*Asks:* 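This is the structure, below, for whatever I ask next.
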Amino acid sequence: MNTYLDCIPCFFSQALFAARQAGCDEEQQKKVLDGISRLVPLLSMNASPPENAVPIYRIINEISGSADPFSGIKKQSNSAAISVYPDLLKRAETAKDPLLTAVEIAISGNIIDYGANRDIDLAAEMESILDQEEKAVHRESRELFNIESLRSALAEGKELLYIGDNAGEIVFDKILVATISRLYPEIRTRYAVRGRPIINDVTMEDARATGMDRLCEVVSSGSPAPGAVPKFLSPEFRELLKSADIIISKGQGNYEALSGSGLPVFFLLRVKCDIIARHIPADRGDFCLIRESSLSG
């Protein structure tokens, strides 16, 4: 997916928020914005937004002196999600359709995104996820929510690569990974994290803090971007992409990076911006489970 003009003001908004999270004073915040202003003419509109985010966050890291400005937010998100994990896991285990329920729970967790949604009331979101009152699942649309296609792929597959998105959200991914392991015990699952901290994206540290590493094998994609941008992936991870029968790609950043890749990808995401809504196409707020082959964008 290419970068759109609408993404550029979003880059500035993200950068200002990140600089403040890093503890930058107003002079440093201005330097961050000045640096990005000089960078904008150099950004390729043919590159994906996550690819263009890399030099932007490099500026933030250099000026702030912080390699992980969102460290505190990530720990808070993981802790909040862990607190509701037992209830949500039980809900999936006792559901009439455990896979469907686990998918819905996993997508619900996609709201924990400080890149696309910086005004998160984490406590309210946890309550909403637990109550499942605001689901926007288009079950009548096989294009937007194709659970049967995922079910068929899992029944036939042997190697699943699950590409994670954000801290906190990883706990809800655990419910889907655990459900798949229980329903399809022959499948080998690997869960992929970012190569280094960027925004509140999931890293190896988050996988260990939330126990994902005790549920399945956790691997690094090598990507320093907020998404599995092909040019940044490690050689080892490229081989995993090639060998996987099924790839679950979580969140908007991974959608932006991998849509149009031709890989056997199922995109799980909650639509959080108008650009993604137009690209899919879907409505803002929709829960989507989309197979790569069904995309026309």
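All values below come from the heavy atoms of this structure, side chains included, with hydrogens, waters and symmetry mates left out. Values in this document were obtained by computation on a predicted structure and should not be read as measured data.
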*Asks:* In Å and rounded to the nearest 0.5 Å, what is the CG to CG distance from L241 to L258?
*Replies:*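 Rounded to the nearest 0.5 Å, the CG-CG separation comes to 7.0 Å.
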*Asks:* Kindly give the heavy-atom pair with the smallest separation between A244 and P264, and that separation in Å.
*Replies:*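 Heavy atoms of A244 and P264 come nearest at O-CG, 3.8 Å.
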*Asks:* Just wondering, do F267 and S259 contact through their side chains at under 4.5 Å, heavy atoms?
*Replies:*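 Heavy-atom side-chain distance check passes, below 4.5 Å.
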*Asks:* Start with the C-alpha distance between V202 and N166, add both sets of side-chain angles, then the distance that settles side-chain contact (heavy atoms from CB on, under 4.5 Å), and finish with yes or no.
*Replies:* CA-CA 5 Å; V202 67; N166 296 317; 5.8 Å; no
*Asks:* Can you tell whether the side chains of E239 and K242 come within less than 4.0 Å, N to carboxylate O?
*Replies:*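 Yes, charged N to carboxylate O under 4.0 Å.
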*Asks:* Take R58 and L39, measure what side-chain contact (heavy atoms from CB on, under 4.5 Å) needs, and give me the verdict at the end.
*Replies:* CA-CA 11 Å; R58 187 179 300 125; L39 177 65; over 6 Å; no
*Asks:* Run T189 and L161 through side-chain contact (heavy atoms from CB on, under 4.5 Å) and show every step you take.
*Replies:* CA-CA 6 Å; T189 300; L161 180 60; over 6 Å; no
*Asks:* State yes or no: do V54 and V229 share one hydrophobic cluster built from I, L, V, M, F, W and Y residues joined by side-chain heavy-atom distances below 4.5 Å, directly or via other members?
*Replies:*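 Yes, V54 and V229 fall within the same hydrophobic cluster.
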*Asks:* Using ring pair (Phe, Tyr, Trp, His ring centres under 6.0 Å) as the criterion, list what pairs up with Y162, not counting sequence neighbours.
*Replies:*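 In terms of ring pair (Phe, Tyr, Trp, His ring centres under 6.0 Å), with neighbours along the sequence ignored, Y162 is linked to Y191.
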*Asks:* Using modelled atom types and a 3.5 Å cut-off, is there a donor and acceptor pairing between side-chain atoms of E159 and backbone atoms of D245?
*Replies:*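 Checked: no pair found.
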*Asks:* Taking the side chain as everything from C-beta on, heavy atoms only, tell me whether D283 gets closer than 4.5 Å to V271.
*Replies:*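 They are not in contact (no side-chain heavy atoms under 4.5 Å apart), so the answer is no.
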*Asks:* Which atoms form the tightest heavy-atom contact between P69 and I60, and what is the distance?
*Replies:*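 Heavy atoms of P69 and I60 come nearest at CG-CG2, 4.5 Å.
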*Asks:* Taking K30 first and then E27, would you say they form a salt bridge - that is, a charged N and a carboxylate O separated by under 4.0 Å?
*Replies:*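 No salt bridge links K30 with E27.
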*Asks:* Looking at N78 and T210, would you say the former's side chain and the latter's main chain have a donor-acceptor pair under 3.5 Å?
*Replies:*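 Checked: no pair found.
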*Asks:* What I'd like to find out is whether the side chain of D6 reaches to under 4.5 Å of the side chain of R278, using heavy atoms alone.
*Replies:*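 Result yes, sub-4.5 Å side-chain heavy-atom pair found.
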*Asks:* Please answer whether the main-chain N or O of D173 pairs with a side-chain N or O of K250 as donor and acceptor at a distance below 3.5 Å.
*Replies:*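 Flag not set: sc K250 to bb D173 has no pair under 3.5 Å.
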*Asks:* Heavy atoms only: give me the nearest V40-F12 pair and the separation to one decimal.
*Replies:*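 For V40 and F12, the tightest heavy-atom pair comes out as CG2-CE1, 3.8 Å.
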*Asks:* Could you give the distance from CD1 (I290) to OH (Y255), rounded to the nearest 0.5 Å?
*Replies:*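 So the gap between those two atoms works out to 6.0 Å.
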*Asks:* Got a donor-acceptor contact below 3.5 angstrom from the S223 side chain to the G195 backbone?
*Replies:*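 No: the side chain of S223 does not pair with the backbone of G195.
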*Asks:* Is there a side-chain contact between R214 and K174, using heavy atoms and a 4.5 Å cut-off?
*Replies:*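 Heavy-atom side-chain distance check fails, nothing below 4.5 Å.
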*Asks:* Keeping the roles fixed (side chain from N146, backbone from L289), state whether a donor-acceptor pair exists under 3.5 Å.
*Replies:*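 Answer holds: no.
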*Asks:* Does T3 use its side chain to pair, donor to acceptor, with the backbone of A47 at less than 3.5 Å?
*Replies:*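 Confirmed, T3 side chain pairs with A47 backbone.
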*Asks:* Taking side chain as C-beta onward, heavy atoms only, is E256 less than 4.5 Å from E51?
*Replies:*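 E256 vs E51: side chains apart.
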*Asks:* Shortest non-hydrogen contact from S220 to S234?
*Replies:*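 Between these two residues, the closest heavy atoms are O-OG, 4.2 Å.
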*Asks:* Quick check on the hydrophobic clustering: are Y184 and V177 connected, directly or via other members, by side-chain heavy-atom contacts under 4.5 Å?
*Replies:*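 Yes: a chain of side-chain contacts under 4.5 Å links Y184 to V177.
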*Asks:* Please lay out, stage by stage, how D165 and N254 fare under the test side chain to side chain donor-acceptor pair (under 3.5 Å).
*Replies:* CA-CA 7 Å; D165 190 23; N254 286 321; 4.6 Å; no
*Asks:* Okay, side chain of S79, backbone of K75: is any donor-acceptor separation there less than 3.5 Å?
*Replies:*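 Such a contact is absent between S79 side chain and K75 backbone.
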*Asks:* Got a second to check how far I280's CD1 is from M1's CE, nearest 0.5 Å?
*Replies:*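 Separation between the atoms: 9.0 Å.
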*Asks:* With a 4.5 Å heavy-atom cut-off, do F287 and S108 have their side chains touching?
*Replies:*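 Sidechains of S108 and F287: in contact.
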*Asks:* Please report the C-alpha distance between T203 and D206 in whole Å, then the side-chain angles of each, then the deciding distance to 0.1 Å, and finally whether the side chain to side chain donor-acceptor pair (under 3.5 Å) criterion is met.
*Replies:* CA-CA 5 Å; T203 63; D206 299 303; 3.0 Å; yes
*Asks:* Would the distance check show the side chain of Q28 and the main-chain N or O of D25 forming a donor-acceptor pair, the cut-off being under 3.5 Å?
*Replies:*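 Such a contact is found between Q28 side chain and D25 backbone.
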*Asks:* To the nearest 0.5 Å, how far apart are CD1 in I199 and CD in Q14?
*Replies:*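 Result: 5.0 Å between the selected atoms.
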*Asks:* Could you tell me whether the side chain of L215 reaches within less than 4.5 Å of the side chain of M212, counting heavy atoms only?
*Replies:*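 Yes; the side chains approach each other to less than 4.5 Å.
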*Asks:* Using a 3.5 Å distance criterion without hydrogens, assess whether the side chain of R194 forms a donor-acceptor pair with backbone atoms of P224.
*Replies:*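 Not at all, since once roles are kept as given, no pair shorter than 3.5 Å links the two residues.
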*Asks:* Roughly how far, to the nearest 0.5 Å, is the SG atom of C216 from the CD1 atom of I187?
*Replies:*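 Rounded to the nearest 0.5 Å, the CD1-SG separation comes out at 12.5 Å.
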*Asks:* Can you get from F232 to L43 by hopping between Ile, Leu, Val, Met, Phe, Trp and Tyr side chains that sit under 4.5 Å apart?
*Replies:*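 In one cluster: no.
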*Asks:* Sort and list the pairs that fulfil ring pair (Phe, Tyr, Trp, His ring centres under 6.0 Å) and have at least one residue in residues 92-111, not counting sequence neighbours.
*Replies:*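 Pairs touching residues 92-111 that pass the test: none.
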*Asks:* Side-chain contact, heavy-atom cut-off 4.5 Å: M45 with L5?
*Replies:*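 The answer is yes, as the side chains (C-beta and beyond) meet within the 4.5 Å cut-off.
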*Asks:* Donor-acceptor pair, R238 side chain versus P230 backbone, under 3.5 Å?
*Replies:*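 The answer is yes, because a donor-acceptor pair under 3.5 Å joins these two groups.
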*Asks:* Passes side-chain contact (heavy atoms from CB on, under 4.5 Å), E186 versus K158? Steps please.
*Replies:* CA-CA 6 Å; E186 299 302 317; K158 298 296 182 185; 4.0 Å; yes
*Asks:* Mind checking the CG-OG1 spacing from L89 to T101? Nearest 0.5 Å is all I need.
*Replies:*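 Answer for the CG-OG1 pair, L89 versus T101, is 11.5 Å.
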*Asks:* Taking all atoms of both residues into account, what is the closest heavy-atom pair of V32 and A19, and its distance?
*Replies:*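 For V32 versus A19, the nearest heavy atoms are CG2-CB, 4.1 Å.
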*Asks:* Please find the pair of heavy atoms, one from L183 and one from P98, that lie closest to each other, and give the distance.
*Replies:*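 Smallest interatomic distance, heavy atoms only, reads CD1-CB, 4.3 Å.
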